[in-house]
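Notes follow the structure.
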Amino acid sequence: MAAVTVRLPDGSTREYAPGTTARELAESVGPRLARAAVAASFDGDLVDLARPLIDGTEVAVVTADSAAGRDVLRHSTAHVLAQAVLRLWPGARYAIGPVIEDGFYYDFELPGRAHFSDDDLERIAAEMRTIVAEDQPFVRHEHTIEEGLGLFAEQPFKREIIEAVGAGTDEVDAAAEGAATGQVSTYWNSPSFTDLCRGPHVPTTGRLGHFALMRVAGAYWRGDEKRPQLQRIYGTAWESEKALAEHLHRLEEAERRDHRKLGAELDLFSFPEEIGSGLPVFHPKGGLVRRLMEEYSRQRHAAAGYEFVATPHISKAELFETSGHLDWFADGMFPPMELDGGQQYYLKPMNCPFHVLIFKSRQRSYRELPLRLFEFGSVYRYEKSGVVHGLTRVRGMTQDDAHLFCTREQMAGELHETLTFVLSVLRDYGLEDFYLELSTRPEDKAVGTEAEWEEATETLRTTALAMGLELVLDEGGGAFYGPKISVQAKDAIGRTHQMSTIQLDFQTPQRFGAEYIGADNARHQPIMIHRALFGSVERFFAILLEHYAGALPTWLSPEQVRILGVRDDHDAYAGEVADRLRSDGVRVGVVPADEKIGARIRRAKVEKIPYILVVGDADVAAGTVGVNRRGSEGDRRGVALDAFAGELAAEIAERRLPEAASDRPPG
RNA sequence: GCCUGAGUAGCUCAGUCGGUAGAGCAACGCACUCGUAAUGCGUAGGUCAGGAGUUCGAUUCUCCUCUCAGGCUCCA
């Protein structure tokens, strides 16, 4: 047979004897590459290192420290997890074990419908280490559908996957398991363990080991609430002990920034049990931050031509029948209150029907359009008990909600202006890294015709593309009344949060019979654009808190400056400094010298106050202050009070953001 | 709503194989008068989430409820 010729990623070509494997290729390139290799890719398709080279393909060696390589490690570790569980729970059924961001999971059904407990994780991890030490090979086999069904006769979940592959009914599995070939592949580890899998895998289990099992959870088979709930184990795996440790450290960092923890530590808000789940109260400092957020928002909205409205929290049932909410989302609403005459009232889950009624309150002319109505509107949604989460998923919240009414001709321009406005305001709060997501018609829940949806979706797409930001498609993710664009923002530690949404709605004006008189003297239906910028004040508060790890920019800090006299005979001067700054509108606190200066500085640091001013003998004599700025090394002594005040006033007026949204860990 | 855990002082946590509890920090009092991340001593603080059951006796064991955490499902 002729030699096989392959191209390498650097463009060079090499010849090998027929039957040469990817592993042998790696070895021929260099021993270090061979050691780092976990898989290979042939023309971009990931394959095992044991796969023979194919003539004319481009071959790349996949190393453990690449994204694709980590996926291979994680997938292989998931197999080891399944093998360990089957050893410890003979007769367990195993379902699927895919790779997810930063790790993997595997779903099981244990004999006698038993459950994993947290303590089991340690036993399972120990068994996994044994399997790693055994250095078992991952041996690939191809089977027909019938052979596959026979192999997994005792494994109903595997059989279901194989049947779906055979029937080509499940696109996801078909792609994953290779339906195009009408075959399934398996990986054999030991006489006692074979798993259905497309692969590739590392050559042997000995290649693994830098993993941690994170938690156990219940998860529905196929993600379907109506199907059996399986036992899921989440784990993470990395190419080295160092990479694993770094990952665990990142998790700790996220935990340190958790807004629920910061909210308690900084005395911003709490969730009194007596009030109920998902119903927060804001304490004075949190209330102040919230007010500052809202004030700046109002200021920007006023400047952008929005008009402020106010609407009640409850309404007759008919309003939500007209809007369609009772048809589609009654489950998400609090149950109705019934009055004497049998009239039912609901807490409002949204503000839009109220704003439509304001539009409809009198005859409208095209000359009034676009009409932009804005409100900080409190809404109540009955979130299921298991989903309530801190300030990000609550049962009562305040939306910064606006509804824009415009003509069809104005629609594109309004969308563009709105998106520009939204991004500009978000940037002022310190979020700067964005991409856009376009959500299209949901399959089951939707009102309106295909044509209307198509037109609305296209308009949104055009607007989004004009922003020059990355646009991601979210198929079927729209609301029941229209498609939407959402702004996704990355925070300081790289997590993505869905921020503002802009939704087009042809339906609500129709349902409510909202009309305006056009230049042609005829009645027309306005286009309605729903728009929330923060989403909810509560959620935005949480995101900002986590983004800044509690160290809010000076303009948003509840206490901007704390003044400390060195001795108690400096307290009078500290008071004068405070009065001077307060006259500029600065929020100042003074703590008298009944504790050592070091202790009071520490307290102020723990409270993440942007500026600590220390004043002593020299300052009293010279009219100066010692400036200790949050996040900077050391302090500046003998700064003239006027100079500091001027600099601070400028920082606040410009809403300057901190250079880095990180701070020193306490202690 | 479902699965797995958890709830002990304001916070972080220890403890009780069933005999009603303890530390550090915080709070309060006294002393210390001090120049950039914790001065010392003392005092007070708990229906051991709530309810029911078993028991001579329950914070501890059982059941129910509430709340929280991590997932699943959901998220107009």
Side-chain angles (χ1 to χ4, degrees), chain A residues 105 107 113 115-121 214-234 255 258 260-261 264-265 267 270-278 320 323-333 349-352 379 381-390 392-393 399 442 445-447 477-482 484 498 501 503 505 508 530 532 535 564-571 593-606 612-619 626-629 633-638 664-667:
Chain A
Y105 67 80
D107 287 345
R113 305 257 291 281
H115 298 300
F116 290 122
S117 71
D118 286 344
D119 299 334
D120 292 329
L121 288 183
M214 308 303 289
R215 59 182 65 95
V216 301
Y220 300 105
W221 169 234
R222 296 297 209 207
D224 184 342
E225 217 175 344
K226 293 175 185 65
R227 307 195 69 177
Q229 188 158 35
L230 306 177
Q231 292 285 299
R232 176 171 297 178
I233 294 178
Y234 283 92
E255 198 177 327
D258 192 309
R260 295 164 298 181
K261 190 170 142 75
E265 281 171 8
D267 193 16
S270 60
F271 300 89
E273 210 172 297
E274 295 86 337
I275 297 176
S277 181
F320 301 115
S323 70
H325 288 101
L326 276 173
D327 285 342
W328 300 109
F329 291 104
D331 285 353
M333 293 169 66
M350 289 203 98
N351 301 302
C352 26
V379 299
R381 297 178 182 180
Y382 182 72
E383 300 287 359
K384 287 196 279 183
S385 64
V387 309
V388 168
H389 180 96
T392 57
R393 198 75 183 270
Q399 293 184 310
K445 290 181 182 179
V447 293
F480 70 91
Y481 50 74
K484 69 176 180 192
Q498 176 175 320
T501 59
Q503 293 184 284
D505 183 354
T508 306
H530 302 245
L564 307 171
V566 174
R567 279 192 320 270
D568 54 10
D569 50 336
H570 302 129
D571 284 346
D594 47 17
E595 246 185 324
K596 282 180 75 170
I597 188 69
R600 282 176 292 146
I601 287 169
R602 183 184 139 76
R603 246 175 243 277
K605 290 286 184 188
V606 168
I612 301 166
L613 301 186
V614 176
V615 294
D617 289 333
D619 299 296
V627 180
N628 185 326
R629 189 171 161 224
E633 291 290 317
D635 57 288
R636 283 154 64 211
R637 305 273 172 103
R664 222 178 104 172

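Every chain is numbered from 1 and lettered A, B, ... according to where its sequence line falls, protein lines coming before strand lines.
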Are A:Q231 and A:D107 close enough, and set up right, to give a side chain to side chain donor-acceptor pair (under 3.5 Å), and what steps lead you there?
CA-CA 5 Å; A:Q231 292 285 299; A:D107 287 345; over 6 Å; no
Looking for any heavy atom pair under 4.0 Å, which part of the strands does A:I597 touch: base, sugar-phosphate only, or nothing?
sugar-phosphate
Say we look at B:rA38 and B:rA44: how far apart would their C1' atoms be, to the nearest angstrom?
22 Å
How many whole angstroms separate atom NZ of A:K261 from atom C1' of B:rC68?
15 Å
Calculate the interatomic distance between A:I233 atom CD1 and B:rG70 atom C1'; express it in whole Å.
14 Å
Using the six-membered ring wherever Trp is involved, compare the ring planes of A:Y481 and A:H325 and label them parallel, tilted or perpendicular (cut-offs 30° and 60°).
perpendicular
Is the phosphate of B:rC72, meaning OP1 or OP2, less than 4.0 Å from a side-chain N or O of A:Y105?
no
Using Watson-Crick or G-U wobble geometry with both distances below 3.5 Å, tell me the partner of B:rU59, or none.
none
Regarding B:rU36, can its base be found pairing with the side chain of A:K605 as donor and acceptor, where the two atoms are less than 3.5 Å apart?
no
What is the base-pairing partner of B:rC74, counting Watson-Crick and G-U wobble geometry with both distances under 3.5 Å?
none
For B:rG10, the Watson-Crick or wobble partner whose two distances fall under 3.5 Å:
B:rC25
So, A:D331 and A:K384, do they make that salt bridge, N to O below 4.0 Å?
no
Do the non-hydrogen side-chain atoms of A:L121 and A:I233 ever get within less than 4.5 Å of each other?
yes
Tell me what A:E265 touches on the nucleic acid: a base, only sugar-phosphate, or nothing, going by heavy atoms under 4.0 Å.
nothing
B:rU36, OP1 or OP2 - any side-chain N/O from A:R637 closer than 4.0 Å?
yes
B:rU4 pairs with, by Watson-Crick or G-U criteria that keep both distances under 3.5 Å
B:rA69
What is the nucleic acid contact for A:G598, judged by heavy atoms within less than 4.0 Å: base, sugar-phosphate only, or nothing?
sugar-phosphate
Candidate nucleotides B:rA76, B:rG71, B:rC74, ranked by approach to the side chain of A:H325 - the nearest
B:rA76
Checking contacts here: which listed nucleotide (B:rC66, B:rA38, B:rU33) is nearest the side-chain heavy atoms of A:E273?
B:rC66
Over all strands shown, is A:H530 touching base, sugar-phosphate only, or nothing at heavy-atom distances under 4.0 angstrom?
nothing
Tell me what A:A219 touches on the nucleic acid: a base, only sugar-phosphate, or nothing, going by heavy atoms under 4.0 Å.
sugar-phosphate
When you compare B:rU59 with B:rG5, how far apart are their P atoms, in angstrom units rounded to a whole number?
24 Å
Regarding A:G223, tell me which of base, sugar-phosphate or nothing describes its non-hydrogen contacts under 4.0 Å with the strands shown.
sugar-phosphate
Is a donor on one side and an acceptor on the other found under 3.5 Å between the side chain of A:D619 and the backbone of A:G616?
yes
Rounding to an integer number of Å, can you tell me how far A:Y220 OH sits from B:rU4 P?
11 Å
Which nucleotide, B:rU73, B:rC68, B:rA76, lies nearest any side-chain atom of A:V388?
B:rC68
Among B:rC3, B:rA26, B:rG70, the nucleotide that comes nearest once only the side chain of A:Q229 is considered:
B:rC3
Of A:G478 and A:R215, whose nearest nucleotide on RNA chain B comes first from the 5' end?
A:R215
Euclidean distance, atom CG of residue A:D571 to atom P of B:rU33 [Å, nearest integer]
15 Å
From the list B:rA26, B:rC34, B:rC72, which nucleotide is the closest neighbour of the side chain of A:R232?
B:rC72
Quick one: which of B:rG35, B:rC72, B:rU39 gets closest to the side chain of A:V614?
B:rG35
Looking at A:E383 and A:R393, is there a salt bridge between them, counting it only when a charged N and a carboxylate O are closer than 4.0 Å?
yes
Candidates B:rA76, B:rA69, B:rG1 - which lies nearest the side chain of A:K384
B:rG1
Base, sugar-phosphate, or nothing: which does A:F271 touch, judged by heavy atoms less than 4.0 Å apart?
nothing
N/O (side chain, A:R381) to phosphate O (OP1/OP2, B:rC75) under 4.0 Å:
no
Looking across every strand, which nucleic acid part, if any, lies under 4.0 Å from A:A618 by heavy atom: base, sugar-phosphate, or nothing?
base
Please check if the side chain of A:R600 supplies one atom and the backbone of A:G565 the other of a donor-acceptor pair under 3.5 Å.
yes
Applying a 3.5 Å limit to both distances, which nucleotide forms a Watson-Crick or G-U wobble pair with B:rC32?
none
Any donor-acceptor pair under 3.5 Å joining the side chain of A:D619 to the base of B:rG35?
yes
Tell me whether the side-chain N/O atoms of A:R602 come closer than 4.0 Å to OP1 or OP2 in B:rC25.
no
The answer to which of A:G638 and A:Q503 contacts RNA chain B further toward the 5' end, by nearest nucleotide, is A:G638
With a non-hydrogen cut-off below 4.0 angstrom, is A:D569 in contact with a base, only sugar-phosphate, or nothing?
nothing
Could you please name the option among B:rA76, B:rU36, B:rC34 that lies closest to any side-chain atom of A:M350?
B:rA76
Same-atom distance (P) from B:rG57 to B:rU65, integer angstrom:
26 Å
Rounded to the nearest angstrom, tell me the gap between atom CD in A:E274 and atom P in B:rG7.
19 Å
Please report the distance separating the P of B:rU60 from the corresponding atom of B:rG51, rounded so that it comes out in whole Å.
12 Å
B:rA76 C1' sits how many Å from A:Y481 OH, rounded?
5 Å
Side chain A:R393 and base B:rC74 donor-acceptor under 3.5 Å:
yes
On the ring face of A:Y220, is A:R227 found with NZ or CZ under 6.0 Å from the centre and within 45° of the axis?
no
Any salt bridge between A:R222 and A:D224, counting N to O under 4.0 Å?
no
Determine whether any donor atom in the side chain of A:E383 lies under 3.5 Å from an acceptor atom in the base of B:rC75, or the reverse, and answer yes or no.
no
Side chain of A:V566 (C-beta onward), nearest among B:rG1, B:rG35, B:rA76
B:rG35
OP1 or OP2 of B:rC68 sitting under 4.0 Å from any side-chain N/O of A:S277?
yes
Measure CG/A:D568 against C1'/B:rU33 and give the value in whole Å, please.
6 Å
Do any side-chain nitrogens or oxygens of A:H570 fall under 4.0 Å of OP1 or OP2 in B:rC34?
no
Using atom CG of A:L564 as one end and atom P of B:rA37 as the other, report the distance to the nearest whole Å.
12 Å
